[in-house]
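Notes to accompany the following structure.
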Amino acid sequence: MSKVVVITSGKGGVGKTTTSANIATGIAQQGKKTVAIDFDVGLRNLDLVMGCERRVVYDFVNVIRNEAKLQQALIRDKRVENLYILPASQTRDKDALDPEGVGRVIEELKQMGFEYIICDSPAGIEKGAQMAMYFADEAIVVTNPEVSSVRDSDRVLGLLAAKTSRAELGGPAIRTHLLLTRYSPLMVKRGEMLSVGDVLELLGIPLLGVIPESKAVLQSSNKGAPAILDETTDVAQAYLDVVFRYLGQERQHRFIEEEKRSFLGRLFG
Amino acid sequence: MAFFDYFKRAPKSASLAKDRLSIIVARERAGTRSGPDYLPALQQELLAVIARYETIDLANVTVNLDKSGGCEVLELNIVLPDSPPPPPPRLSQTVSV
Ligand SMILES: Nc1ncnc2c1ncn2[C@@H]1O[C@H](COP(=O)(O)OP(=O)(O)OP(=O)(O)O)[C@@H](O)[C@H]1O
Ligand SMILES: [Mg+2]
């Protein structure tokens with residue numbers, strides 16, 4: 001059985017690509033054959049975040065246009081077994097992805113035995129984002145605790161319910177999960193940021209996890225190694241929780257409350 | 001550790017980022033920005049040929065488009081993997097267009 005999971009948000013820059021890279025890596029580490037597809041045509045960057053940018057020869061659009069075989073475009077991750085990346089194209093042609101082509105590639109990935117097909121959506125609610133969600137079985141809606149992000153997430157929930165293959169064919173609704181990222185418990189405590197509770201109340205979908213705002217994300221993108229690979233950081237712990245929760249294990253929610261830090265902790269932390 | 005970071009010079013991950021970027025930016029410029037129309041396809045086909053040799057890691061291939069003395073040079077640099085023992089000298093090949 002394969003699961004197609006779209007990582008989507010509406011608003012740009014909220015952490016979709018970071019989340020796609022970390023979740024795909026985490027699921028593959030659990031022994032599941034996983035592929036992360038970059039749907040951000042023209043602005044590809046999943047390969048950069050995953051550190052395989054120099055190994056890109058062919059891309060998603062080449063495969064759709066029959067210029068290359070899927071096997072030629074798939075990049076096998078060097079660090080984690082069972083993990084593959086299908087990079088986006090640099091083409092400026094926004095119509096490069098069409099439902100027939102995308103559907104054919106996803107079907108072929110299923111035939112190849114991929115258990116999890118993670119679709120990293122571009123920002124917006126236009127065609128690109130709709131292509132990324134069209135064949136999804138499940139959606140992880142990445143939201144920042146911020147007014148425009150929450151509003152856009154709500155719009156995306158509307159699209160997921162109407163403009164997808166499942167919706168058009170009258171199949172079961174896409175399962176949706178909320179992932180709140182770039183969360184700062186200290187700012188929430190000071191009343192300067194929407195709380196998890198606020199966002200949950202507004203969007204009304206189940207919470208998959210909370211990812212704290214952390215400098216570890218920048219460091220990992222500098223290195224081209226998803227943060228989840230270095231278990232010592234808060235972000236890695238948060239994404240690991242998300243992966244285990246997603247795969248069906250019970251995990252307490254963390255990183256919601258501000259951690260008490262001693263004077264020495266602050267000095268050496 | 002914040003206390004010790006203060007005494008360090010540049011953080012290590014930033015210089016890694018710069019190295020990665022300079023290589024990929026050069027490759028993308030050679031493939032898309034300048035030069036004759038056939039360059040993107042030529043570069044892609046060259047890389048595809050190299051990718052068939054599984055002992056060569058594409059991460060060790062650099063591409064550069066240079067202008068020298070009125071003519072353009074597509075420079076392809078392949079670091080061949082060491083085959084122990086004994087380690088041969090590192091060879092590189094240059095393809096001129
Ligand atoms: N938890 C976090 N803490 C700190 N910075 C973060 C966090 N998550 C993401 N970022 C930063 O936010 C920026 C945007 O992240 P990312 O590229 O993952 O977003 P995106 O939603 O994919 O953007 P786009 O809509 O452009 O595709 C990046 O600079 C990333 O390093
Ligand atoms: Mg992105």
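Contact of A:Ser220 with chain B is not made at all, since no heavy-atom distance falls under 4.5 Å. Heavy atoms closer than 4.5 Å to chain A are found in both the backbone and the side chain of B:Leu47.
A salt bridge links A:Asp241 and A:Arg254; the closest N-O separation between the charged side-chain nitrogens and carboxylate oxygens is under 4.0 Å. Salt bridge absent: A:Lys33 and A:Glu115 never bring a charged side-chain N and a carboxylate O closer than 4.0 Å.
Atom CD of A:Glu126 has 12 or fewer heavy atoms from other residues, nucleotides or ligands within 6.0 Å.
Scored by the side chain to side chain donor-acceptor pair (under 3.5 Å) test, B:Asp57 finds A:Lys78 as partners (sequence neighbours excluded).
Annotation: maximal heavy-atom pairing with chain A below 4.5 Å, among B:Val61, B:Asp19, B:Ile24, B:Thr62, occurs at B:Ile24. Top candidate by heavy-atom pairs under 4.5 Å with chain A, chosen from B:Lys18, B:Arg52, B:Glu45, B:Gln44, is B:Gln44.
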